[in-house]
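Report on the following structure.
Since the structure is predicted, the reported quantities are computational estimates derived from the model, not experimental observations.
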Amino acid sequence: MKPWPVYTLLLILMSSASAYDLINSRSGGLGRSVLLSHPSATDLVNSPTDALVHNAALFDMGYDRRFELADLDNLFIAGGWQYRRWTVALGLSQFGRTDLYAEQLIKGSVVLHYREFALGLMPSAMQIQFGNGYGSLRAATFGLGAGYSGYDFKVSMVSDNLTRPRFVDNGDRTGMTFTLLTEYHGHRAFSLLGRLQAEPTQKPQFGLGQWIRLSGRSAFFWGVAGEPTEYGGGLEIEIPFGAITYAASVHPVLGLSHTVSLTYRPARRSGEDDFD
């Protein structure tokens, strides 16, 4: 017989740290930071960045397993498209199990680009399901973001959960989050990434990562995140129609987590190099 109360507690603790934030296929291995110069589709959903070429599309799908527990699986799919000065992205995910505790998240973003600057709106909605016929709860919110993309340095700032939604009347409201993402882009060599997230009444969370290009078709990455301290790394390999990414991280108490994802890029041009 499984210890359901323990699993339920773990699910609630995990969900509180990532409410209204679509899972990122690389973030566990990058110390929860983001590669702004070469974003995944989930990056396009969560933060404004100007990195796709015009009329380009990008799709991600994959799964994340937390602490080697199947009850904590997170499945996700996301897509993004850039047209002229606009980037539009949409993502969906399911965390947990519907017969125990599950969260379904839908999140989108609309970003306007002007020269080196970007300004974005990110609406999101979540449903929480409880097993054994206990029903479900729903809430929605939105965030705002801005970004700057220089030749060597990129920065993105996001303020999320601005309406401080709550799932039940008189219940605790979800706290607003403020996230700063930075990248120093060393062309054809490496990128250094940083992340700082603040939430009222909570300790700030930091992240530091590095993206290292092994060749024009592969890259290695590593990172460290705080509160709690986690170490991670991963590998991304180009394939003819996209890329395969594996990322892993280690919690000091709860152990190993890992994410596997597939990226699809339609209408790729022959010889196009994504790791420039």
Under 4.5 Å between any side-chain heavy atoms of [X] and [Y], yes or no?
X	Y	result
W86	V110	yes
Q197	Q202	no
T182	F153	yes
Q104	M126	no
L181	S47	yes
L90	I106	yes
Q205	R195	yes
F206	L180	no

>> With a 4.0 Å cut-off on N to O distance, would you call K107 and D160 a salt bridge?
In response: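 A salt bridge is present here (some side-chain N lies under 4.0 Å from a carboxylate O).
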> Is the shortest side-chain N to carboxylate O distance from K154 to E183 below 4.0 Å?
Replying inline: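 Looking at E183 together with K154, the answer is no, because their closest N to O distance does not fall below 4.0 Å.
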When you measure from the side chain of [X] to the backbone N and O of [Y], does any donor-acceptor pair fall under 3.5 Å?
X	Y	answer
S33	L30	yes
S156	P48	yes
D60	S40	no
N46	L22	yes
S257	F67	yes

> For the residue pair F117 and Y148, does the interplanar ring angle fall in the parallel (under 30°), tilted (30 to 60°) or perpendicular (over 60°) class?
Replying inline: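 Ring orientation, 0 to 90° scale: tilted.
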> Take atom OH in Y231; do more than 12 heavy atoms of anything else shown fall under 6.0 Å from it?
Replying inline: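 It does not: Y231 OH has 12 such atoms or fewer within range.
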>> Taking transitive links into account, so neighbours of neighbours count too, which hydrophobic residues share a cluster with F142 at under 4.5 Å side-chain distance?
In response: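 Besides F142, the hydrophobic cluster comprises L121, L144, L162, M176, F178, listed by chain and residue number.
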>> Centre-to-centre under 6.0 Å for Y83 and W81, is that the case here?
In response: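 Centroid distance Y83-W81: below 6.0 Å, so yes.
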>> For L193 versus L35, what's the shortest heavy-atom pair and its separation?
In response: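 So the minimum-distance heavy-atom pair works out to CD2-CD1, 3.9 Å.
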> Taking all non-hydrogen atoms of both residues, which atom of L119 and which atom of G145 are closest, and how far apart?
Replying inline: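 Residues L119 and G145, closest heavy atoms: CD1-O, 3.3 Å.
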> What do the steps show when you test T87 against H113 for side-chain hydrogen bond (donor to acceptor under 3.5 Å, both in side chains), and what is the final call?
Replying inline: CA-CA 8 Å; T87 297; H113 306 283; 2.8 Å; yes
>> If you apply the rule side chain to side chain contact (heavy atoms under 4.5 Å, CB included), what do you find for E236 with R217, and how did you get there?
In response: CA-CA 8 Å; E236 183 159 304; R217 296 296 178 183; over 6 Å; no
> In Å, rounded to the nearest 0.5 Å, how long is the span from CD of Q127 to CZ of R138?
Replying inline: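 Q127 atom CD to R138 atom CZ measures 4.0 Å (nearest 0.5 Å).
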> Residues in ring-ring contact (aromatic ring centres under 6.0 Å, His included) with F76, at least two apart?
Replying inline: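 F76: no ring-ring contact (aromatic ring centres under 6.0 Å, His included) contacts found.
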> Hey, mind stepping through F241 and T263 against side chain to side chain contact (heavy atoms under 4.5 Å, CB included) and telling me if it holds?
Replying inline: CA-CA 8 Å; F241 55 85; T263 298; over 6 Å; no
>> For W211 and F190: C-alpha separation, side-chain torsions, deciding distance, then whether side chain to side chain contact (heavy atoms under 4.5 Å, CB included) applies.
In response: CA-CA 5 Å; W211 178 273; F190 65 91; over 6 Å; no
>> Go through it in stages, so that I can follow the logic: the residues are L262 and I239, the test is side chain to side chain contact (heavy atoms under 4.5 Å, CB included), and I'd like the CA-CA distance, side-chain angles, deciding distance and then a yes or no.
In response: CA-CA 10 Å; L262 174 66; I239 55 179; 3.8 Å; yes
>> Test side-chain hydrogen bond (donor to acceptor under 3.5 Å, both in side chains) on E116 and Y114; report intermediate values, then the result.
In response: CA-CA 6 Å; E116 297 87 4; Y114 179 72; over 6 Å; no
